[in-house]
Amino acid sequence: MLTLMQETESELNARVGRNVFVLRKQALGISQAELADRLAVELGRPKIDPTTITRMESGRRPITVADLEALARIFSVDVEQLLDENSDDLLALKRLIEDWSVNRARIAAAEIRMTGVPTQASDLVANHPSLLSGLTNREREIYFDMQRSETPEP
């Protein structure tokens with residue numbers, strides 16, 4: 001593995017370009033034109049042509065320190081992440097953690113909503129046993145699984 005000092009400028013530009021591409025597409029989901037507009041604002045310029053982003057992402061445009069700092073602010077990352085050869089893996093890990101967190105919250109909310117459902121279903125069937133005959137085989141299977149899940153184990 002090369003250190004930053006051993007890398008050529010073109011290798012470093014290519015790495016940053018790949019990371020900019022990944023962050024632009026996956027983290028923000030914005031176009032090159034929109035990134036160019038945001039970069040212009042961050043750098044205090046009136047306009048940056050979207051082809052600048054194309055060249056940057058392909059490693060054909062030298063990256064300045066000002067570019068790195070501005071891009072880091074736009075993507076809400078550290079400059080080191082723009083330089084990191086594993087930046088896309090880090091982004092994937094962050095996305096997995098976020099997905100897990102969001103889904104965990106959804107599961108917890110669903111569990112709260114499900115509290116008492118087996119009892120309500122059991123009460124309906126107790127009052128109207130003929131309701132079971134109106135269910136499909138799959139619905140009856142789910143109903144009985146639901147009742148078993150609510151029955152405390154000895």
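- Salt bridge status for E42 with R38: absent, with no side-chain N to carboxylate O gap under 4.0 Å.
- Salt-bridge annotation for R61 and D67: present, with a side-chain N of the basic residue lying under 4.0 Å from a carboxylate O of the acidic one.
- Side chains of N13 and S10: no donor on one and acceptor on the other come within 3.5 Å.
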Decide yes or no on side chain to side chain contact (heavy atoms under 4.5 Å, CB included) for L71 and L23, but give the supporting numbers first. CA-CA 10 Å; L71 290 165; L23 289 165; over 6 Å; no

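- Under the 3.5 Å distance criterion, the side-chain polar atoms of T115 are matched with a main-chain donor or acceptor of E111.
- When the side chains of ILVMFWY residues are joined at heavy-atom separations under 4.5 Å, either directly or via intervening members, V79 and I53 end up in a single hydrophobic cluster.
- Rounded to the nearest 0.5 Å, atoms CZ (F21) and CG (L35) are 12.0 Å apart.
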Give the C-alpha distance, both sets of side-chain angles, the deciding distance and a yes or no for side chain to side chain contact (heavy atoms under 4.5 Å, CB included) between T52 and R55. CA-CA 5 Å; T52 300; R55 290 192 327 274; 4.1 Å; yes

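- Contact detail for D37 and K47: the closest heavy-atom pair is OD1-NZ, 4.1 Å.
- Residue E11 holds its CD atom at 8.5 Å from CZ of R15, rounded to the nearest 0.5 Å.
- Without hydrogens or angle criteria, N127 side chain to D123 main chain gives a donor-acceptor distance under 3.5 Å.
- Not one N or O on the side chain of Q120 forms a donor-acceptor pair closer than 3.5 Å with the backbone of V117.
- Shortest non-hydrogen contact noted between A126 and P129 is O-CD, 4.0 Å.
- Closest approach of M146 and P118 over heavy atoms only: CG-CG, 3.5 Å.
- Defined by atom type and a distance below 3.5 Å, a donor-acceptor pair is present between the side-chain atoms of R60 and S58.
- In this structure, L132 and F144 approach most closely via the heavy-atom pair CD1-CZ, 4.1 Å.
- Hydrophobic clustering (side-chain heavy atoms under 4.5 Å, transitive across Ile, Leu, Val, Met, Phe, Trp, Tyr) groups L43 together with V77.
- R140 contributes atom CZ, which lies 4.5 Å from atom CG of N137 (distance to the nearest 0.5 angstrom).
- In this structure a side-chain-to-backbone donor-acceptor pair under 3.5 Å is present from R24 to I30.
- Here the CG atom belonging to D49 is positioned 8.0 Å from the OG1 atom belonging to T54, to the nearest 0.5 angstrom.
- Atom OG1 of T51 sits about 10.5 Å away from atom CE of M56, to the nearest 0.5 Å.
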Apply side chain to side chain contact (heavy atoms under 4.5 Å, CB included) to residues L82 and I63 and explain how you reach the verdict. CA-CA 11 Å; L82 292 169; I63 305 294; over 6 Å; no

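- The distance from atom CG of L135 to atom OH of Y143, rounded to the nearest 0.5 Å, is 9.0 Å.
- When every heavy atom of Q147 is checked against every heavy atom of A121, the shortest pair comes out as NE2-CB, 4.0 Å.
- Nearest heavy-atom pair across D84 and N19 is O-ND2, 2.7 Å.
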